[in-house]
Amino acid sequence: GEKHDVAILREISEETSLKVDGLRPIQVVTNFQDDIYYLFVGFTCVALSSDVEISSEHSEYRWVTTEE
């Protein structure tokens with residue numbers, strides 16, 4: 001029952017400790033496989049700081065440029 005934008009912001013915070021702004025969809029991809037319809041939505045946003053603290057589910061991170 002959670003709205004997608006609320007869920008995305010929560011996950012970003014849980015996984016990285018980052019607060020972000022300007023969340024917006026930039027890409028939609030669909031796929032139908034084995035009688036299941038998949039809808040993938042890519043989002044962009046701006047981090048309000050660069051102080052990342054990753055969760056225990058991750059071992060490393062790195063910032064990349066748009067070109068990367």
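The chain is numbered in sequence order, starting from 1.
In the hydrophobic clustering of this structure, V20 does not group with V64; members are Ile, Leu, Val, Met, Phe, Trp, Tyr whose side-chain heavy atoms approach within less than 4.5 Å, directly or through other members. Residues V29 and I36 share a single hydrophobic cluster, defined by chaining ILVMFWY side chains whose heavy atoms lie under 4.5 Å apart. No single ILVMFWY cluster, assembled from side-chain heavy atoms under 4.5 Å apart, contains both I12 and L48.
Note that CD of E14 and CD1 of I54 are 15.0 Å apart. Values are rounded to the nearest 0.5 Å. In this structure, E15 CD and E53 CD are separated by 13.0 Å, a value rounded to the nearest 0.5 Å. The line from CD1 of I8 to NZ of K3 is 13.0 Å long, rounded to the nearest 0.5 Å.
Put simply, the residue from Y38, Y37, F40 that forms a side chain to side chain contact (heavy atoms under 4.5 Å, CB included) with T30 is Y37.
The two atoms that bring W63 and A47 nearest to each other are CH2-CB, 3.9 Å, heavy atoms only. Considering every non-hydrogen atom in both V52 and L18, the closest pair reads CG2-CD1, 3.9 Å.
The neighbour count for E60 CD, taken as heavy atoms of other residues, nucleotides or ligands under 6.0 Å away, does not exceed 12.
The shortest distance between side-chain heavy atoms of T16 and Y61 does not fall below 4.5 Å.
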